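Contents: one structure, followed by commentary.
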Amino acid sequence: AQSVTQPDIHITVSEGASLELRCNYSYGATPYLFWYVQSPGQGLQLLLKYFSGDTLVQGIKGFEAEFKRSQSSFNLRKPSVHWSDAAEYFCALKIKAAGNKLTFGGGTRVLVKP
Amino acid sequence: EPEVTQTPSHQVTQMGQEVILRCVPISNHLYFYWYRQILGQKVEFLVSFYNNEISEKSEIFDDQFSVERPDGSNFTLKIRSTKLEDSAMYFCASSGLAATYEQYFGPGTRLTVT
């Protein structure tokens with residue numbers, strides 16, 4: 001069965017510094033991949049998605065992610081973090097042609113220091 | 001911007017009681033979902049619903065759970081006889097038809113079973 005691992009439970013970063021959140025997946029083929037963000041009291045908001053093609057995808061709020069097939073990874077990056085980026089971030093996958101359910105990682109909580 | 005709404009935001013119930021969690025998906029969406037997140041654990045898929053029937057369900061979604069779209073706007077999750085382990089955040093989501101369509105999530109209902 002497919003799975004998603006986010007190795008970092010918490011990350012603290014200074015405002016203006018760069019951020020990278022790790023995501024690894026386990027599946028025999030290339031799935032659809034997603035990053036969601038959850039701010040306190042809010043639902044899950046899609047940051048970006050990878051289906052095929054260019055392995056570097058751009059998303060909202062200045063985020064990007066790179067798909068690396070050889071490493072089964074889909075890491076999320078932002079060059080300069082803002083205080084409003086403090087939130088929980090979830091990586092998720094969906095199996096192509098196998099329904100629409102999302103399989104989520106455990107999430108990474110990001111704290112931004114002033 | 002269209003959004004998924006959920007009511008109530010917090011529900012407290014006693015073990016053995018029935019609860020109904022309500023969701024209003026985005027109006028032109030065709031797929032509806034329920035996910036849950038037990039505190040400290042991953043977001044887990046429960047069920048997807050399309051064309052007035054369940055299209056996929058997880059092993060968590062046993063006979064004590066049911067879903068319904070009672071009218072053209074609401075989508076509900078019923079838990080017939082709640083257990084302590086049903087305490088979780090329940091997220092509703094909706095999407096268009098294609099597998100590449102984004103799932104839009106609501107803010108969640110926190111269910112506490114005492």
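As the structure is a prediction and not an experimental result, all values here were calculated from the model.
When heavy atoms are compared at a cutoff of 4.5 Å, B/Tyr35 approaches chain A solely by way of its side chain, counted from C-beta outward. Of the atoms belonging to A/Gln38, it is side-chain heavy atoms, and not backbone ones, that fall under 4.5 Å from chain B.
Within 6.0 Å of the CD atom in B/Glu85, the count of heavy atoms belonging to other residues, nucleotides or ligands exceeds 12. A/Ile60 CD1: more than 12 foreign heavy atoms inside a 6.0 Å radius. Under a cut-off of 6.0 angstrom, the local environment of CG in A/Leu111 is crowded, with over 12 non-hydrogen atoms contributed by other residues, nucleotides or ligands. Within 6.0 Å of CG in B/Asp62 there are more than 12 heavy atoms belonging to other residues, nucleotides or ligands.
For the atom pair CZ of B/Phe91 and CZ of A/Phe104, the computed distance is 8.5 Å after rounding to the nearest 0.5 Å.
Across every non-hydrogen atom of B/Glu102 and A/Leu46, the tightest pair is OE2-CB, 3.2 Å. For the pair B/Val43 and A/Phe90, the tightest heavy-atom approach, listed with the atom from each and the gap, is CG2-CE2, 4.1 Å. The two atoms that bring B/Phe105 and A/Leu44 nearest to each other are CB-O, 3.5 Å, heavy atoms only.
Side-chain contact check for B/Gln103 versus A/Asn100: some heavy-atom pair is nearer than 4.5 Å.
Under a hydrophobic-cluster definition in which Ile, Leu, Val, Met, Phe, Trp and Tyr are linked whenever side-chain heavy atoms come within less than 4.5 Å, directly or via other members, B/Tyr33 and B/Phe65 are assigned to different clusters.
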